[in-house]
**Student:** 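Before we start, here is the structure in question, set down as structure tokens.
Residue indices begin at 1 and follow the sequence shown.
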Amino acid sequence: NTTRFWIFGREISPETEHDKTTLLISGNLNAVLSRLVKAKIPILSIYERPSGEKIEAHVYFLDIEGHGQKPPLSHLLHHFPEGRWLGSYPMCGDPPKP
């Protein structure tokens, strides 16, 4: 098991070369995944949680590679009706080697 801690703030974390972005998806997950694949944006993890509305309704938290204010992710998030951008922040650990 992994424990996740969330730190909320009003300021956007500055861009680094080793960022990830968290999205909250309450709409069509397949539509979002296909757009991410088309844009060649790596998906790091997907977490499913009950939405609390209906027993069969769920929300999804996606961690994806990149910063939300840097292309190509910024272009994708500009037209993003299926979800909400929760934030972008530096990844833990060392950046991947080329």
Side-chain angles (χ1 to χ4, degrees):
N1 291 334
T2 302
T3 302
R4 293 181 62 148
F5 294 95
W6 293 73
I7 300 173
F8 294 96
R10 297 198 183 274
E11 295 180 19
I12 298 171
S13 177
E15 298 174 26
T16 69
E17 295 299 316
H18 190 56
D19 295 313
K20 74 176 173 180
T21 295
T22 301
L23 307 175
L24 173 64
I25 310 299
S26 57
N28 186 347
L29 179 64
N30 288 334
V32 174
L33 293 178
S34 66
R35 287 167 63 190
L36 290 170
V37 168
K38 234 181 192 179
K40 298 182 180 174
I41 298 172
I43 301 166
L44 303 172
S45 62
I46 302 174
Y47 301 96
E48 177 186 26
R49 298 286 180 255
S51 71
E53 294 175 7
K54 298 178 186 175
I55 195 132
E56 67 274 357
H58 294 88
V59 295
Y60 303 92
F61 292 93
L62 269 68
D63 287 337
I64 56 178
E65 200 170 288
H67 196 282
Q69 293 186 317
K70 190 174 176 183
L73 192 51
S74 61
H75 298 303
L76 178 81
L77 295 176
H78 187 67
H79 303 286
F80 192 59
E82 297 90 354
R84 184 174 175 191
W85 176 50
L86 297 180
S88 297
Y89 44 91
M91 286 190 215
C92 289
D94 296 327
K97 296 180 182 176

**Student:** I43, L77: one ILVMFWY side-chain cluster at the under-4.5 Å cut-off?
**Tutor:**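 Yes, same cluster.
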**Student:** Looking only at heavy atoms, which two atoms of V59 and S26 are closest? And how far apart?
**Tutor:**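 Scanning both residues completely, I find the closest heavy atoms to be CG1-CB, 4.2 Å.
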**Student:** Which heavy atom of E15 sits nearest to which heavy atom of K70, and what is that distance?
**Tutor:**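 Heavy atoms only, the tightest pair is OE1-CD, 3.4 Å.
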**Student:** Within this structure, what is the CD-CG distance for the pair E65 and L36, rounded to the nearest 0.5 Å?
**Tutor:**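 So the gap between those two atoms works out to 12.0 Å.
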**Student:** Can you tell me if CZ on R84 sees more than 12 non-hydrogen neighbours from other groups inside 6.0 Å?
**Tutor:**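 Counting neighbours around CZ of R84, 12 or fewer heavy atoms of other residues, nucleotides or ligands fall under 6.0 Å, so no.
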**Student:** side-chain contact (heavy atoms from CB on, under 4.5 Å), that's the test. Do E82 and Y60 meet it? Break it down for me.
**Tutor:** CA-CA 11 Å; E82 297 90 354; Y60 303 92; over 6 Å; no
**Student:** For L62 and L29, what are the C-alpha separation, side-chain angles and deciding distance, and is it a side-chain contact (heavy atoms from CB on, under 4.5 Å)?
**Tutor:** CA-CA 10 Å; L62 269 68; L29 179 64; 3.8 Å; yes
**Student:** Backbone N or O of I64 within a donor-acceptor pair of the T21 side chain at under 3.5 Å?
**Tutor:**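 The answer is no, because no donor-acceptor pair under 3.5 Å joins these two groups.
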**Student:** Between I25 and F80, does the side-chain contact (heavy atoms from CB on, under 4.5 Å) criterion hold? Intermediate values first, please.
**Tutor:** CA-CA 10 Å; I25 310 299; F80 192 59; 3.3 Å; yes
**Student:** Side chains of L24 and F61, heavy atoms from C-beta outward: is any pair under 4.5 Å?
**Tutor:**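 A side-chain contact exists here, since the closest heavy-atom pair is under 4.5 Å.
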**Student:** Which one of D19, I12, T16, T22 satisfies the side chain to side chain contact (heavy atoms under 4.5 Å, CB included) criterion with Y89?
**Tutor:**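 Between Y89 and the candidates, side chain to side chain contact (heavy atoms under 4.5 Å, CB included) is satisfied uniquely by T22.
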**Student:** Between P72 and A39, what is the shortest heavy-atom contact and its length?
**Tutor:**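 Taking every non-hydrogen atom into account, CG-O, 4.2 Å.
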**Student:** Is it the case that one hydrophobic cluster holds both Y47 and L44, taking links as side-chain heavy atoms less than 4.5 Å apart, direct or via other members?
**Tutor:**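 Not linked; separate clusters.
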**Student:** So does G68 get a backbone contact from the side chain of S88, meaning a donor-acceptor N/O pair under 3.5 Å?
**Tutor:**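 Present.
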**Student:** Got a second to check how far L76's CG is from H78's NE2, nearest 0.5 Å?
**Tutor:**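 Here the interatomic distance stands at 11.5 Å.
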**Student:** Roughly how far, to the nearest 0.5 Å, is NZ of K20 from OG of S13?
**Tutor:**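 Here the rounded value is 12.5 Å.
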